[in-house]
Amino acid sequence: MKKIALLTIIGLFLSCNSSAQKTETKAKETFEITKTDAEWKAQLTDAEYNVLRKAGTERPFSSPLDKNYKEGVYHCAACNTPLFKSEHKFDSGTGWPSFDRVIEGNVAFGTDTKIGYTRDEEHCATCGGHLGHVFNDGPKETTGKRHCINGAALRFVPAED
Ligand SMILES: [Zn+2]
């Protein structure tokens, strides 16, 4: 009898422990770079702030980066993390810079944060700045994904010759 009681206690302990862990992974996403709203507002232009911190969407065809096909890397306009490479950029015709893939690990996807992200949302993994959305109507010959990104969230760094 004692043995059974002990096993039951261990069982209870394990199940409590695993549910506690589950809660932990569900906890709010944290970012390496965090600033107050006022700090972001001071650092970013109005257009950048509206997209990156308010999850806004710029007007289509308004970003000069939409038609930029120079070789280089697209960095986060807020924290300078490299997010997309020019070799993965394509003309989707939507009026927003479009990529068929991200720089792995540097872009994170829709979780519940105070901005209210949906599942197809993508944001900078370093500062949490909103970038755009991902769709499944990208180039079939590569990934099939279309990462539709606001140019205001990006800073283009040309490749050095
Ligand atoms: Zn960032």
Side-chain angles (χ1 to χ4, degrees), residues 22-161:
K22 256 181 221 155
T23 318
E24 227 165 86
T25 53
K26 261 192 211 163
K28 209 177 139 232
E29 195 176 4
T30 53
F31 300 104
E32 208 178 301
I33 295 178
T34 50
K35 293 186 183 188
T36 65
D37 195 53
E39 284 171 330
W40 284 124
K41 214 164 191 173
Q43 183 196 323
L44 303 168
T45 67
D46 286 353
E48 290 168 352
Y49 175 82
N50 182 45
V51 169
L52 287 156
R53 304 314 309 175
K54 293 288 159 197
T57 301
E58 70 194 11
R59 273 186 305 109
F61 304 101
S62 67
S63 170
L65 293 179
D66 179 37
K67 299 287 181 201
N68 176 48
Y69 293 105
K70 292 184 197 120
E71 221 179 288
V73 178
Y74 295 82
H75 291 235
C76 173
C79 75
N80 211 27
T81 297
L83 302 174
F84 301 95
K85 291 179 183 172
S86 58
E87 66 212 75
H88 301 136
K89 191 172 188 291
F90 67 98
D91 186 5
S92 63
T94 58
W96 289 283
S98 301
F99 304 86
D100 71 2
R101 74 201 75 176
V102 306
I103 294 179
E104 212 63 51
N106 291 358
V107 175
F109 295 88
T111 49
D112 295 315
T113 73
K114 59 181 173 188
I115 303 180
Y117 294 146
T118 52
R119 257 200 247 157
D120 58 0
E121 189 277 346
E122 46 193 285
H123 53 273
C124 172
T126 308
C127 73
H130 170 76
L131 305 170
H133 294 86
V134 59
F135 301 94
N136 290 320
D137 56 5
K140 284 193 180 64
E141 64 277 14
T142 59
T143 61
K145 299 283 182 195
R146 172 171 60 94
H147 297 267
C148 184
I149 306 302
N150 291 281
L154 301 172
R155 189 156 293 155
F156 179 65
V157 180
E160 287 172 40
D161 323 285

Could you walk me through whether W40 and L52 pass the side-chain contact (heavy atoms from CB on, under 4.5 Å) test, one step at a time?
-> CA-CA 9 Å; W40 284 124; L52 287 156; over 6 Å; no
Kindly say whether [Y] contributes a backbone atom to a donor-acceptor pair with the side chain of [X] at under 3.5 angstrom?
X   : Y   : result
E48 : A78 : no
N50 : G56 : no
K89 : E71 : no

Would you indicate whether the side-chain heavy atoms of [Y] and [X] approach each other to under 4.5 Å?
X    : Y    : answer
H147 : V107 : no
C127 : T81  : no
S86  : Y69  : no
N68  : P97  : no
L83  : V102 : no
S92  : C148 : no
F31  : E29  : yes
R146 : S98  : yes

Give, for atom NZ of K145 and atom CG of D100, the distance between the pair rounded to the nearest 0.5 Å.
-> 11.5 Å
Rounded to the nearest 0.5 Å, what's the gap from OG1 on T94 to CZ on F61? Could you check?
->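 So the OG1 of T94 and the CZ of F61 are separated by 6.5 Å.
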Which heavy-atom pair separates [X] from [Y] by the least distance, and what is that distance?
X    : Y    : result
E121 : H133 : CA-CD2, 3.7 Å
H130 : V51  : CB-O, 3.3 Å
N106 : P82  : ND2-O, 2.8 Å
T57  : N150 : CA-OD1, 3.5 Å
A153 : L131 : CB-CD2, 3.9 Å
C79  : I33  : CB-CD1, 3.6 Å

Residues E39, R53: salt bridge by 4.0 Å N-O rule =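 Answer for the salt bridge query: no.
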Heavy-atom count around [X] [atom1] within 6.0 Å, excluding the residue itself: above 12?
X   : atom1 : result
E32 : CD    : no
K67 : NZ    : yes
D91 : CG    : yes

Pairing residues for E104 by the side chain to side chain contact (heavy atoms under 4.5 Å, CB included) criterion, not counting sequence neighbours | none
Please, which pairs that meet ring-ring contact (aromatic ring centres under 6.0 Å, His included) have at least one residue in residues 76-97, sequence neighbours excluded?
->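 Counting only pairs at least two positions apart or across chains, the ring-ring contact (aromatic ring centres under 6.0 Å, His included) contacts touching residues 76-97 are F84-F99.
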